[in-house]
2 protein chains.
Amino acid sequence: MKIIKVKKGQILQRNGDLNSKVYQVESGLLRSYSIDSKGKEHIYMFAPEGWIITDNVSSDVPADLFIDVLEDSVVIQRDKDEIIVTDTEKLIKRIGVLQKRIIMLMSATAIERYEHFISTYPDIVQRVPQKLIASYLGITPEALSAAKGSRARK
Amino acid sequence: MKIIKVKKGQILQRNGDLNSKVYQVESGLLRSYSIDSKGKEHIYMFAPEGWIITDNVSSDVPADLFIDVLEDSVVIQRDKDEIIVTDTEKLIKRIGVLQKRIIMLMSATAIERYEHFISTYPDIVQRVPQKLIASYLGITPEALSAAKGSRARK
DNA sequence: CAATTACATTAATGTACATTAAGAATTTCT
DNA sequence: AGAAATTCTTAATGTACATTAATGTAATTG
(Lines give C-alpha, C1' and ligand atoms only; values in the text may rest on other atoms or scores of the structure.)
Protein backbone atom coordinates (compact mmCIF):
# COMPACT_ATOMS: atom_id res chain seq x y z
CA MET A 1 0.00 0.00 0.00
CA LYS A 2 1.41 3.32 -1.08
CA ILE A 3 0.01 6.82 -1.29
CA ILE A 4 1.26 8.56 -4.40
CA LYS A 5 0.85 11.99 -5.92
CA VAL A 6 0.52 11.89 -9.68
CA LYS A 7 0.54 14.62 -12.29
CA LYS A 8 -1.78 15.22 -15.20
CA GLY A 9 -0.67 13.22 -18.21
CA GLN A 10 1.18 10.61 -16.20
CA ILE A 11 0.59 7.01 -17.24
CA LEU A 12 0.14 4.55 -14.39
CA GLN A 13 -0.40 1.42 -16.43
CA ARG A 14 0.13 0.50 -20.05
CA ASN A 15 -1.57 -2.09 -22.18
CA GLY A 16 0.60 -5.20 -22.01
CA ASP A 17 1.96 -4.50 -18.53
CA LEU A 18 1.58 -7.09 -15.86
CA ASN A 19 -1.31 -5.42 -14.12
CA SER A 20 -1.10 -6.11 -10.45
CA LYS A 21 -2.27 -2.76 -9.10
CA VAL A 22 -5.52 -1.23 -7.96
CA TYR A 23 -5.82 2.54 -7.64
CA GLN A 24 -8.10 4.27 -5.22
CA VAL A 25 -8.58 7.95 -6.04
CA GLU A 26 -8.38 10.26 -3.03
CA SER A 27 -8.52 13.47 -5.03
CA GLY A 28 -8.28 14.35 -8.70
CA LEU A 29 -9.34 12.32 -11.74
CA LEU A 30 -8.01 9.24 -13.52
CA ARG A 31 -9.24 7.32 -16.51
CA SER A 32 -8.74 3.91 -18.08
CA TYR A 33 -8.89 3.30 -21.81
CA SER A 34 -7.94 0.86 -24.54
CA ILE A 35 -6.30 1.52 -27.86
CA ASP A 36 -7.67 -0.51 -30.75
CA SER A 37 -5.94 -1.97 -33.79
CA LYS A 38 -6.39 1.30 -35.70
CA GLY A 39 -4.78 3.31 -32.91
CA LYS A 40 -8.05 4.78 -31.64
CA GLU A 41 -8.60 5.39 -27.94
CA HIS A 42 -11.75 4.15 -26.20
CA ILE A 43 -12.34 5.30 -22.66
CA TYR A 44 -13.54 2.53 -20.40
CA MET A 45 -14.08 4.61 -17.29
CA PHE A 46 -13.49 7.88 -15.47
CA ALA A 47 -12.49 7.69 -11.82
CA PRO A 48 -12.97 10.82 -9.71
CA GLU A 49 -12.53 11.09 -5.93
CA GLY A 50 -13.75 8.05 -4.06
CA TRP A 51 -13.58 5.70 -7.03
CA ILE A 52 -11.49 2.63 -7.53
CA ILE A 53 -9.92 1.96 -10.89
CA THR A 54 -8.09 -1.11 -12.14
CA ASP A 55 -7.88 -3.47 -15.07
CA ASN A 56 -10.33 -6.27 -14.43
CA VAL A 57 -8.44 -9.02 -16.10
CA SER A 58 -6.81 -11.57 -13.87
CA SER A 59 -3.56 -10.29 -12.45
CA ASP A 60 -1.43 -12.92 -14.15
CA VAL A 61 -2.38 -11.72 -17.61
CA PRO A 62 -1.13 -8.62 -19.48
CA ALA A 63 -3.35 -5.58 -19.12
CA ASP A 64 -5.91 -4.63 -21.76
CA LEU A 65 -6.20 -1.08 -20.50
CA PHE A 66 -4.12 2.00 -20.03
CA ILE A 67 -4.64 4.02 -16.88
CA ASP A 68 -3.60 7.65 -16.84
CA VAL A 69 -4.10 10.92 -15.01
CA LEU A 70 -6.52 13.63 -16.19
CA GLU A 71 -6.05 15.97 -13.22
CA ASP A 72 -3.22 16.13 -10.68
CA SER A 73 -4.32 13.51 -8.18
CA VAL A 74 -3.57 11.71 -4.98
CA VAL A 75 -4.14 7.98 -5.21
CA ILE A 76 -3.69 4.97 -2.99
CA GLN A 77 -1.93 2.23 -4.89
CA ARG A 78 -2.40 -1.35 -3.75
CA ASP A 79 -1.37 -4.75 -4.99
CA LYS A 80 -4.31 -6.82 -6.19
CA ASP A 81 -3.41 -9.78 -3.99
CA GLU A 82 -3.27 -7.67 -0.85
CA ILE A 83 -6.88 -6.74 -1.34
CA ILE A 84 -9.73 -8.55 0.30
CA VAL A 85 -12.99 -7.30 -1.07
CA THR A 86 -15.43 -7.02 1.77
CA ASP A 87 -18.01 -4.93 0.01
CA THR A 88 -19.63 -7.28 -2.51
CA GLU A 89 -22.52 -4.82 -2.53
CA LYS A 90 -20.24 -2.40 -4.35
CA LEU A 91 -19.15 -4.98 -6.89
CA ILE A 92 -22.74 -5.82 -7.70
CA LYS A 93 -23.52 -2.14 -8.14
CA ARG A 94 -20.65 -1.85 -10.57
CA ILE A 95 -21.93 -4.82 -12.53
CA GLY A 96 -25.25 -2.97 -12.72
CA VAL A 97 -23.52 0.09 -14.16
CA LEU A 98 -21.71 -2.01 -16.75
CA GLN A 99 -24.97 -3.72 -17.67
CA LYS A 100 -26.58 -0.35 -18.36
CA ARG A 101 -23.59 0.72 -20.41
CA ILE A 102 -23.74 -2.40 -22.58
CA ILE A 103 -27.46 -1.99 -23.24
CA MET A 104 -26.78 1.65 -24.03
CA LEU A 105 -24.01 0.84 -26.51
CA MET A 106 -26.23 -1.66 -28.28
CA SER A 107 -29.40 0.36 -28.52
CA ALA A 108 -28.95 4.10 -28.00
CA THR A 109 -28.16 6.83 -30.50
CA ALA A 110 -25.37 9.37 -30.02
CA ILE A 111 -27.67 11.95 -28.41
CA GLU A 112 -29.34 9.44 -26.13
CA ARG A 113 -25.97 8.26 -24.87
CA TYR A 114 -24.88 11.82 -24.26
CA GLU A 115 -28.03 12.75 -22.34
CA HIS A 116 -27.72 9.65 -20.22
CA PHE A 117 -24.11 10.52 -19.49
CA ILE A 118 -24.72 14.10 -18.41
CA SER A 119 -27.56 13.06 -16.16
CA THR A 120 -25.49 10.27 -14.61
CA TYR A 121 -22.14 12.07 -14.32
CA PRO A 122 -22.91 15.81 -14.37
CA ASP A 123 -19.67 16.66 -12.57
CA ILE A 124 -17.43 14.80 -15.02
CA VAL A 125 -18.93 16.75 -17.92
CA GLN A 126 -17.56 19.95 -16.40
CA ARG A 127 -14.12 18.55 -15.82
CA VAL A 128 -13.02 16.88 -19.04
CA PRO A 129 -12.91 18.00 -22.67
CA GLN A 130 -15.82 16.95 -24.81
CA LYS A 131 -13.70 14.72 -26.97
CA LEU A 132 -13.04 12.49 -23.97
CA ILE A 133 -16.74 12.18 -23.34
CA ALA A 134 -17.21 11.24 -26.98
CA SER A 135 -14.55 8.58 -26.53
CA TYR A 136 -16.44 7.21 -23.53
CA LEU A 137 -19.70 7.19 -25.44
CA GLY A 138 -18.21 5.33 -28.36
CA ILE A 139 -18.59 8.12 -30.90
CA THR A 140 -16.29 10.73 -32.46
CA PRO A 141 -15.97 14.29 -31.11
CA GLU A 142 -17.40 15.55 -34.42
CA ALA A 143 -20.48 13.37 -34.07
CA LEU A 144 -21.01 14.57 -30.51
CA SER A 145 -20.67 18.17 -31.54
CA ALA A 146 -23.19 17.67 -34.31
CA ALA A 147 -25.59 15.82 -32.00
CA LYS A 148 -25.47 18.61 -29.46
CA GLY A 149 -26.06 21.15 -32.19
CA SER A 150 -29.17 19.47 -33.53
CA ARG A 151 -30.45 19.02 -29.98
CA ALA A 152 -30.11 22.72 -29.15
CA ARG A 153 -31.79 23.69 -32.38
CA LYS A 154 -35.17 22.42 -31.27
CA MET B 1 -35.06 -21.31 -2.63
CA LYS B 2 -37.00 -23.32 -5.14
CA ILE B 3 -36.03 -25.74 -7.88
CA ILE B 4 -38.19 -25.24 -10.95
CA LYS B 5 -38.51 -26.87 -14.33
CA VAL B 6 -39.12 -24.39 -17.12
CA LYS B 7 -40.07 -24.83 -20.75
CA LYS B 8 -38.64 -23.25 -23.85
CA GLY B 9 -40.27 -19.89 -24.48
CA GLN B 10 -41.31 -19.33 -20.89
CA ILE B 11 -40.67 -15.87 -19.52
CA LEU B 12 -39.28 -15.73 -15.98
CA GLN B 13 -38.97 -11.99 -15.65
CA ARG B 14 -40.31 -9.02 -17.55
CA ASN B 15 -38.99 -5.53 -17.92
CA GLY B 16 -40.76 -3.46 -15.27
CA ASP B 17 -41.24 -6.32 -12.83
CA LEU B 18 -39.95 -6.00 -9.34
CA ASN B 19 -36.87 -8.09 -9.85
CA SER B 20 -36.07 -9.90 -6.68
CA LYS B 21 -34.92 -13.22 -8.11
CA VAL B 22 -31.65 -14.82 -9.08
CA TYR B 23 -31.65 -17.90 -11.29
CA GLN B 24 -28.99 -20.56 -11.22
CA VAL B 25 -29.08 -22.82 -14.26
CA GLU B 26 -28.74 -26.52 -13.47
CA SER B 27 -29.41 -27.70 -17.01
CA GLY B 28 -30.63 -26.06 -20.17
CA LEU B 29 -30.20 -22.51 -21.39
CA LEU B 30 -31.63 -19.12 -20.39
CA ARG B 31 -31.03 -15.64 -21.68
CA SER B 32 -31.59 -12.07 -20.55
CA TYR B 33 -32.34 -9.23 -22.93
CA SER B 34 -33.72 -5.73 -23.13
CA ILE B 35 -36.21 -4.25 -25.55
CA ASP B 36 -35.44 -0.74 -26.74
CA SER B 37 -37.75 2.14 -27.57
CA LYS B 38 -38.10 0.88 -31.15
CA GLY B 39 -39.12 -2.58 -29.98
CA LYS B 40 -35.80 -4.20 -30.83
CA GLU B 41 -34.38 -6.97 -28.65
CA HIS B 42 -30.80 -6.84 -27.41
CA ILE B 43 -29.43 -9.90 -25.70
CA TYR B 44 -27.44 -9.11 -22.60
CA MET B 45 -26.32 -12.62 -21.76
CA PHE B 46 -26.72 -16.33 -22.35
CA ALA B 47 -26.74 -18.59 -19.31
CA PRO B 48 -26.05 -22.30 -19.89
CA GLU B 49 -25.54 -24.96 -17.17
CA GLY B 50 -23.62 -23.66 -14.19
CA TRP B 51 -24.30 -20.00 -14.84
CA ILE B 52 -26.15 -17.51 -12.73
CA ILE B 53 -28.47 -15.02 -14.35
CA THR B 54 -30.25 -12.03 -12.88
CA ASP B 55 -30.97 -8.38 -13.45
CA ASN B 56 -28.19 -6.41 -11.84
CA VAL B 57 -30.19 -3.42 -10.85
CA SER B 58 -30.94 -3.05 -7.19
CA SER B 59 -33.81 -5.22 -6.12
CA ASP B 60 -36.07 -2.32 -5.13
CA VAL B 61 -36.16 -0.97 -8.67
CA PRO B 62 -38.11 -2.27 -11.69
CA ALA B 63 -36.17 -4.63 -13.91
CA ASP B 64 -34.47 -3.44 -17.10
CA LEU B 65 -34.20 -6.94 -18.50
CA PHE B 66 -36.36 -9.79 -19.59
CA ILE B 67 -35.25 -13.30 -18.70
CA ASP B 68 -36.59 -16.22 -20.70
CA VAL B 69 -35.94 -19.83 -21.56
CA LEU B 70 -34.17 -20.95 -24.76
CA GLU B 71 -34.10 -24.68 -23.96
CA ASP B 72 -36.19 -26.66 -21.47
CA SER B 73 -34.26 -26.12 -18.27
CA VAL B 74 -33.98 -26.85 -14.59
CA VAL B 75 -33.15 -23.78 -12.54
CA ILE B 76 -32.73 -22.90 -8.90
CA GLN B 77 -34.65 -19.75 -8.09
CA ARG B 78 -33.57 -17.69 -5.12
CA ASP B 79 -34.54 -14.40 -3.61
CA LYS B 80 -31.85 -11.77 -3.92
CA ASP B 81 -31.88 -10.98 -0.23
CA GLU B 82 -31.42 -14.59 0.78
CA ILE B 83 -28.14 -14.68 -1.09
CA ILE B 84 -24.80 -14.07 0.51
CA VAL B 85 -22.14 -13.86 -2.13
CA THR B 86 -19.07 -15.64 -0.88
CA ASP B 87 -17.22 -15.89 -4.15
CA THR B 88 -16.09 -12.36 -4.89
CA GLU B 89 -13.54 -13.94 -7.22
CA LYS B 90 -16.42 -14.86 -9.50
CA LEU B 91 -17.90 -11.37 -9.42
CA ILE B 92 -14.56 -9.88 -10.40
CA LYS B 93 -14.27 -12.35 -13.25
CA ARG B 94 -17.68 -11.31 -14.47
CA ILE B 95 -16.68 -7.66 -14.35
CA GLY B 96 -13.71 -8.65 -16.50
CA VAL B 97 -16.02 -10.24 -19.05
CA LEU B 98 -18.23 -7.16 -19.14
CA GLN B 99 -15.17 -4.97 -19.57
CA LYS B 100 -14.09 -6.96 -22.62
CA ARG B 101 -17.60 -6.75 -24.04
CA ILE B 102 -17.72 -2.97 -23.68
CA ILE B 103 -14.34 -2.51 -25.36
CA MET B 104 -15.53 -4.87 -28.08
CA LEU B 105 -18.76 -2.94 -28.67
CA MET B 106 -16.84 0.30 -28.94
CA SER B 107 -14.04 -0.80 -31.23
CA ALA B 108 -14.68 -4.04 -33.10
CA THR B 109 -16.35 -4.62 -36.45
CA ALA B 110 -19.14 -7.15 -36.99
CA ILE B 111 -16.75 -9.94 -38.04
CA GLU B 112 -14.33 -9.29 -35.21
CA ARG B 113 -17.14 -9.52 -32.68
CA TYR B 114 -18.38 -12.74 -34.21
CA GLU B 115 -14.94 -14.37 -34.21
CA HIS B 116 -14.41 -13.34 -30.61
CA PHE B 117 -17.77 -14.81 -29.70
CA ILE B 118 -17.25 -18.20 -31.32
CA SER B 119 -13.83 -18.55 -29.73
CA THR B 120 -15.18 -17.58 -26.32
CA TYR B 121 -18.50 -19.47 -26.40
CA PRO B 122 -18.11 -22.25 -28.99
CA ASP B 123 -20.86 -24.34 -27.38
CA ILE B 124 -23.47 -21.57 -27.43
CA VAL B 125 -22.95 -21.08 -31.16
CA GLN B 126 -24.18 -24.64 -31.73
CA ARG B 127 -27.20 -24.25 -29.54
CA VAL B 128 -28.92 -21.02 -30.56
CA PRO B 129 -30.07 -19.60 -33.90
CA GLN B 130 -27.75 -17.15 -35.53
CA LYS B 131 -30.13 -14.28 -35.13
CA LEU B 132 -29.75 -14.51 -31.36
CA ILE B 133 -26.00 -14.34 -31.67
CA ALA B 134 -26.40 -11.27 -33.85
CA SER B 135 -28.58 -9.76 -31.17
CA TYR B 136 -25.88 -10.43 -28.58
CA LEU B 137 -23.22 -8.90 -30.81
CA GLY B 138 -25.24 -5.77 -31.38
CA ILE B 139 -25.80 -6.27 -35.11
CA THR B 140 -28.64 -7.50 -37.31
CA PRO B 141 -28.92 -11.11 -38.50
CA GLU B 142 -28.50 -9.85 -42.08
CA ALA B 143 -25.25 -8.12 -41.22
CA LEU B 144 -23.95 -11.23 -39.50
CA SER B 145 -24.86 -13.40 -42.46
CA ALA B 146 -23.08 -10.99 -44.81
CA ALA B 147 -20.02 -10.81 -42.56
CA LYS B 148 -19.74 -14.59 -42.44
CA GLY B 149 -20.09 -14.76 -46.21
CA SER B 150 -17.29 -12.32 -46.91
CA ARG B 151 -15.10 -14.09 -44.38
CA ALA B 152 -15.56 -17.50 -46.03
CA ARG B 153 -14.86 -16.02 -49.43
CA LYS B 154 -11.19 -15.44 -48.69
C1' DC C 1 -45.76 -36.10 -43.46
C1' DA C 2 -47.87 -32.19 -45.01
C1' DA C 3 -48.45 -27.57 -43.46
C1' DT C 4 -47.02 -24.05 -40.91
C1' DT C 5 -43.78 -21.35 -38.77
C1' DA C 6 -39.12 -19.95 -37.81
C1' DC C 7 -34.59 -19.07 -39.63
C1' DA C 8 -30.91 -17.91 -43.20
C1' DT C 9 -29.35 -15.78 -47.23
C1' DT C 10 -29.05 -12.28 -50.81
C1' DA C 11 -29.68 -7.84 -52.80
C1' DA C 12 -31.29 -2.96 -53.20
C1' DT C 13 -31.72 1.19 -50.78
C1' DG C 14 -31.24 4.21 -46.66
C1' DT C 15 -28.98 6.32 -42.69
C1' DA C 16 -26.23 7.34 -38.65
C1' DC C 17 -21.96 8.03 -37.81
C1' DA C 18 -16.82 8.07 -39.40
C1' DT C 19 -13.35 10.41 -41.79
C1' DT C 20 -11.09 14.26 -43.51
C1' DA C 21 -10.11 18.97 -43.58
C1' DA C 22 -10.12 23.70 -42.41
C1' DG C 23 -11.14 27.59 -39.53
C1' DA C 24 -12.71 29.51 -34.90
C1' DA C 25 -12.53 29.41 -30.01
C1' DT C 26 -10.56 28.19 -25.86
C1' DT C 27 -6.93 26.73 -22.83
C1' DT C 28 -2.10 26.23 -21.53
C1' DC C 29 2.45 27.64 -21.06
C1' DT C 30 6.56 30.79 -20.75
C1' DA D 1 -0.04 39.13 -22.04
C1' DG D 2 1.10 36.82 -26.14
C1' DA D 3 2.35 32.54 -28.53
C1' DA D 4 1.48 27.82 -28.99
C1' DA D 5 -1.19 24.07 -28.42
C1' DT D 6 -5.43 21.95 -27.68
C1' DT D 7 -10.21 21.70 -28.33
C1' DC D 8 -14.63 22.75 -30.71
C1' DT D 9 -17.40 23.45 -34.66
C1' DT D 10 -18.91 23.04 -39.41
C1' DA D 11 -19.18 20.92 -43.77
C1' DA D 12 -18.19 17.61 -47.58
C1' DT D 13 -17.56 12.93 -48.57
C1' DG D 14 -17.26 7.94 -47.35
C1' DT D 15 -18.64 3.60 -45.23
C1' DA D 16 -20.35 -0.01 -42.22
C1' DC D 17 -24.30 -1.47 -40.96
C1' DA D 18 -29.67 -0.98 -40.82
C1' DT D 19 -33.86 -1.59 -43.18
C1' DT D 20 -36.83 -3.64 -46.30
C1' DA D 21 -38.18 -7.22 -49.11
C1' DA D 22 -38.04 -11.42 -51.60
C1' DT D 23 -36.61 -16.32 -51.90
C1' DG D 24 -34.88 -20.44 -50.07
C1' DT D 25 -34.14 -23.75 -46.34
C1' DA D 26 -34.69 -25.95 -42.10
C1' DA D 27 -37.30 -26.99 -37.97
C1' DT D 28 -42.01 -27.59 -35.49
C1' DT D 29 -46.36 -29.00 -34.92
C1' DG D 30 -50.91 -30.85 -35.62
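All chains are named by letter (A, B, ...) in the order of the sequence lines, taking the proteins before the strands, and each is independently numbered beginning at 1.
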Atom-to-atom span, CD1 of A:I133 to C1' of D:dT6 - whole angstrom | 16 Å
So, A:R78 side chain and A:M1 main chain: donor-acceptor pair closer than 3.5 Å or not?
-> no
B:L144 CG to D:dA18 C1', straight-line distance once rounded to whole Å | 14 Å
Nearest heavy-atom contact between A:H42 and B:M106 is CE1-O, 3.4 Å
Students should find that the end-to-end axis angle of the helix from C:dC1-D:dG30 to C:dA22-D:dT9, with five pairs defining each axis and rounding to 10 degrees, is 50°
Ring-face cation contact, B:Y136 with B:R101, 6.0 Å cut, 45° max | yes
May I ask you to check whether A:Y44 and A:Y33 place their ring centers less than 6.0 Å from one another?
-> no
Please work out if B:G9 contacts a base, only the sugar-phosphate, or nothing of the nucleic acid, heavy-atom cut-off 4.0 Å.
-> nothing
Taking atom types as modelled, is there a side-chain donor on B:D55 or A:Q99 under 3.5 Å from an acceptor on the other?
-> yes
Return the polar atom pairs (N/O with N/O) between nucleotides 19-28 of chain D and the protein under 3.5 Å, or none.
none

Separation of C:dA18 atom P from A:D36 atom CG, nearest Å, is 12 Å
Nearest-nucleotide pick for A:K131, side chain only, options being D:dC8, C:dC17, C:dA8 = D:dC8
So, the side chain of B:E112 versus the backbone of B:T109: is there a donor-acceptor pair under 3.5 Å, distance only?
-> yes
What one should report as the nearest heavy-atom pair of B:K21 and B:T54 is O-OG1, 2.9 Å
From D:dC17, C:dA18, D:dC8, pick the nucleotide closest to the side chain of A:Q130?
-> D:dC8
Gap between atoms CG and P, on B:L137 and D:dC17 respectively (whole Å) = 11 Å
What one should report as the nearest heavy-atom pair of B:N15 and B:D64 is CB-O, 4.0 Å
Above 12 or not: heavy atoms from other molecules or residues under 6.0 Å from CD of B:E82?
-> yes
Distance in angstrom units between B:L70 CG and C:dA6 C1', rounded = 14 Å
Rounded to the nearest angstrom, tell me the gap between atom CD in B:E41 and atom C1' in C:dA6.
-> 14 Å
Nucleotide C:dC17, atom P - distance to CG of B:L105 in whole Å | 15 Å
Send over the distance from A:I139 CD1 to D:dC17 P, rounded to a whole Å.
-> 17 Å
